[in-house]
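First the proteins, then the strands, lettered A, B, ... as listed; each starts at 1.
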Number of protein chains: 2
Amino acid sequence: MPTRDRDRAQRAEPAGDSPDPGRTPTIHDVAARCGVAASTVSRAFSRPERVNPATRQRILSIAAQMGYHPNPIARALPSGRTRTLGLLVPDITNPFFLDLIRGAERAAATAGYTLVLADTEETSQQETTVVDRLTGAVDGFVLASSRLSDARLREVYAKTRLVVVNRRVRPVPGVLIDSATGTRQAAEHLASLGHRRIAYLAGPRASWSDARRWRTLQAVARQRDLSVVRIGPLAPTVEAGVAAADAVVLNDVTAVVTFNDLLAIGVLRRLRARGVDVPGQVSVVGCDDIFGADFCHPPLTTLTAPIESAGRSAVDLLLSLFDGDEPGAPPRQDVVLPTRLTIRDSTAVAPTTGPDRSAQDRAGPVSAAH
Amino acid sequence: MPTRDRDRAQRAEPAGDSPDPGRTPTIHDVAARCGVAASTVSRAFSRPERVNPATRQRILSIAAQMGYHPNPIARALPSGRTRTLGLLVPDITNPFFLDLIRGAERAAATAGYTLVLADTEETSQQETTVVDRLTGAVDGFVLASSRLSDARLREVYAKTRLVVVNRRVRPVPGVLIDSATGTRQAAEHLASLGHRRIAYLAGPRASWSDARRWRTLQAVARQRDLSVVRIGPLAPTVEAGVAAADAVVLNDVTAVVTFNDLLAIGVLRRLRARGVDVPGQVSVVGCDDIFGADFCHPPLTTLTAPIESAGRSAVDLLLSLFDGDEPGAPPRQDVVLPTRLTIRDSTAVAPTTGPDRSAQDRAGPVSAAH
DNA sequence: TTGAAAGCGCTAACAG
DNA sequence: CTGTTAGCGCTTTCAA
């Protein structure tokens, strides 16, 4: 049988190429061709230093000319290492995750890992299913904006390597984009521009960042004697922003801070449609600085979040977990990434006409929306 | 040894939970607990119809309470099926691919497949490496805007399942976004608006779509007696668009058609900075209708491409290859997706002042750019 | 430094 | 319908 392979190959390819045409060569084919044991070929690839340089050289070159490539699956079975990472996002549709994916993919690629991408469609159910299906197929997970409960997250952490993004669940290591400082800057920016009454368009109820942002906003409001009204929770989408814009007008504020840029873009769209001038009548501050925030109209003042860095950090943190730690190991230092305010054209001094006056100005359109 | 596991489990967990704490249960643990052969447990999961409903029921419920999940790697080794697909894109950074990824992910998820995502960084080298590394770890590949040569693509196709997007390489099955009809519409739209002199900002040299678009443009130009000037090849990025905008002005045209929206957005940005009114002085037509095309300023007239559909189709086509066909099987029908022109605010009637006059108008800024 | 042998966890004939 | 028996292709002791 092995003889047959050999003969065929010799006849077909003088240079000595693939043995049995159609079948991908295995470690044994290479071993046979080299006159060494299979285990030696294995070592030549996975532990090159433990094999004689001369033999290694020969094995490698013969393998190359046979078109041999180690089978990653077969490799993973005994070793338990797949060199693959799972990245779960709640909604690929959201450009925020594009940047996250990008950062994660790059960090993974740099480390020689491959990324498995899954969309959990905003449900903890799907998330659980995917995690279960992928466990064993990946060396670890990055869960971005997970919808799982703290308890479930801890369970998962107990049986596999895990990093969460935008979530703080001890002892699961996490990457947090800290919008607090940025939010504070934003609020003070608005206060300095003379805004006294601000609306906050809230994100999904379960969002850690949303809670923090709202708390910060309230704190600044107290200090600077502003009044902030919370509108939401809202889906983090352009459509929700469009819808919420009417509530903004109704609430008679001179500035809006939104949970994310998608909402802000929706607000901009709707305000423009209603003839409300931004930033003349209303100032808008977004969050994240996603693709598009700089070329929408007007260009958006927003909290620039290091999203790509977050993706990169999450993968790096996950990878660092592989060095010695057991699953469920003692807590690691969380990575906290700062945000900063990027001022563009959607914010300006509050209209000199007070809120009440401007409310009158807009009486027509407002009632029209009813 | 098996007895030990059993005893432990019984002692630790009255309900009969995981055997050896810390070790994930295997098919054998479940089999032992159920008093059946391992192969029966295997069948209960992979071929439920070939096992007695009662036994299956018992196995499934015991497995569930033991927290057993089939190990995907171990499953893949003998079966050769990983239920995983590889998606390779040249540049995750490009939002075009976000939509493609989205469509592919959805189609894959629907079919119960998982997506492995890789960025080839625009190099055929990286692409080859990734393909080699992933071969065997995925059931097939979708290569989007591949940078591989036709020959290499055929080679890959000979040893694994493969679908290309935006590429026509017989006999490799492909999904093509046919911008020809859309481009024709765009050109005629401009012609009807009175534009006589049009610039085309070309994309990467190797792009199949770019070649087709340019040809179509020339054809229409001949028919409608327009003159078109080709600028490029250009990287398909906002930055390249910014840079090319100056060339556009210099070429003294009244309309620009760009290879993609990123270029168009860059042109818009630069033109605005230079005080050239769009669409008053110059009309701009993009291509693809990516996220942002509808809210940039002014909202972009563009060829709406069914990008997400393309991703979905590519995966569906790939999956269809699994039904019976051998790798390297006879050619399949390519999927051709049409584009259509979406008219927004970046196009308008050509300025009544002829090209020459308007060139004079802009003499200052033009020379300033020199 | 190299070889032989025993699996990794599961699937897939083939009997029964 | 279920059990037995071989592997899938590779890694990994353990000896030599």
Side-chain angles (χ1 to χ4, degrees), chain A residues 1-2 5 18-20 23-60 63 66-83 132-137 139, chain B residues 1-2 5 18-20 23-60 63 66-83 132-137 139:
Chain A
M1 217 30 175
D5 285 359
S18 50
D20 185 4
R23 206 170 60 79
T24 38
T26 76
I27 212 173
H28 292 102
D29 301 321
V30 178
R33 201 53 145 281
C34 296
V36 300
S39 50
T40 304
V41 177
S42 170
R43 281 188 210 104
F45 281 92
S46 41
R47 276 162 162 56
E49 72 284 3
R50 291 203 201 166
V51 67
N52 182 304
T55 9
R56 187 205 322 156
Q57 221 23 275
R58 235 187 56 254
I59 293 174
L60 259 32
M66 288 176 77
Y68 167 79
H69 292 282
N71 177 328
I73 297 293
R75 215 167 198 189
L77 192 48
S79 69
R81 308 295 304 276
T82 62
R83 296 196 73 79
D132 284 345
R133 180 153 51 88
L134 254 37
T135 299
D139 291 343
Chain B
M1 220 23 179
D5 285 358
S18 49
D20 185 3
R23 205 171 60 78
T24 39
T26 76
I27 212 173
H28 292 103
D29 301 321
V30 179
R33 208 39 152 286
C34 296
V36 299
S39 52
T40 305
V41 177
S42 170
R43 281 187 210 104
F45 281 91
S46 40
R47 274 161 164 58
E49 73 284 3
R50 292 203 199 165
V51 69
N52 183 304
T55 8
R56 187 205 322 157
Q57 223 19 279
R58 238 190 52 256
I59 293 174
L60 258 31
M66 289 176 76
Y68 167 79
H69 291 281
N71 177 327
I73 297 293
R75 216 167 196 188
L77 192 49
S79 69
R81 307 296 302 275
T82 61
R83 297 196 71 80
D132 283 344
R133 180 153 51 90
L134 254 38
T135 299
D139 291 343

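Across every non-hydrogen atom of A:G67 and A:P25, the tightest pair is O-CG, 3.8 Å. The shortest heavy-atom contact between B:A63 and B:V30 is CB-CG1, 4.1 Å. For the pair A:A74 and A:P78, the tightest heavy-atom approach, listed with the atom from each and the gap, is O-CD, 2.8 Å. Here the shortest heavy-atom pairing between A:I73 and B:G136 reads CG1-O, 3.2 Å.
Within 4.0 Å (heavy atoms only), B:V36 reaches sugar-phosphate atoms of the nucleic acid but no base atom. B:S42 comes within 4.0 angstrom of a nucleotide base, judged by non-hydrogen atoms across all strands.
Distance B:R83 CZ to C:dT11 C1': 15 Å, rounded to the nearest Å. Regarding B:R47, its CZ atom lies at a distance of 8 Å from the C1' atom of C:dT11, rounded to whole Å. In this structure, A:I27 atom CD1 and C:dG3 atom P are separated by 12 Å, rounded to whole Å. Here the P atom of nucleotide C:dT1 and the CD1 atom of A:I59 are 13 Å apart, to the nearest Å.
Taking B:N71 as the reference, nothing meets the side-chain hydrogen bond (donor to acceptor under 3.5 Å, both in side chains) condition, with sequence neighbours excluded. Not a single salt bridge (charged side-chain N to carboxylate O under 4.0 Å, His left out) links B:R58 to another residue, sequence neighbours left out. Remark: B:R133 engages A:T114 in a side-chain hydrogen bond (donor to acceptor under 3.5 Å, both in side chains) (not counting sequence neighbours).
Side-chain contact between A:H69 and B:T135: absent, with no pair of heavy atoms (C-beta onward) separated by less than 4.5 Å.
Under the salt bridge (charged side-chain N to carboxylate O under 4.0 Å, His left out) criterion, the residue pairs touching residues 71-81 of chain A are A:R81-A:D139, with sequence neighbours excluded.
Taking the 5' to 3' direction, DNA chain D first and last meets chain A under 4.0 angstrom from a heavy atom at D:dG9 to D:dT13.
Near DNA chain D, meaning a heavy atom under 4.0 Å from it, residues 48-56 of chain B has B:R50, B:V51, B:N52, B:T55 in order of number.
Comparing A:T40 and B:P78 against DNA chain D, the residue whose closest nucleotide sits nearer the 5' end is B:P78.
One axis for each end of the helix from C:dT1-D:dA16 to C:dG16-D:dC1, each built from five base pairs, and the angle between them comes to 30° at 10° resolution.
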Listing, residues 37-49 of chain B side-chain donor-acceptor contacts under 3.5 Å, not counting sequence neighbours, or none:
| residue | atom | partner | partner atom | Å |
| --- | --- | --- | --- | --- |
| B:S46 | OG | B:S42 | O | 2.8 |

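Interatomic distance, OH of B:Y68 versus OG1 of B:T24, reported as 10.0 Å (0.5 Å rounding). With values rounded to the nearest 0.5 angstrom, A:T55 atom OG1 is found 10.5 Å from A:L60 atom CG.
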Below 3.5 Å is the cut-off: list the nitrogen or oxygen pairs between protein and nucleotides 13-16 of chain C, distance only.
| residue | atom | partner | partner atom | Å |
| --- | --- | --- | --- | --- |
| C:dA13 | N6 | B:R43 | NH2 | 3.2 |

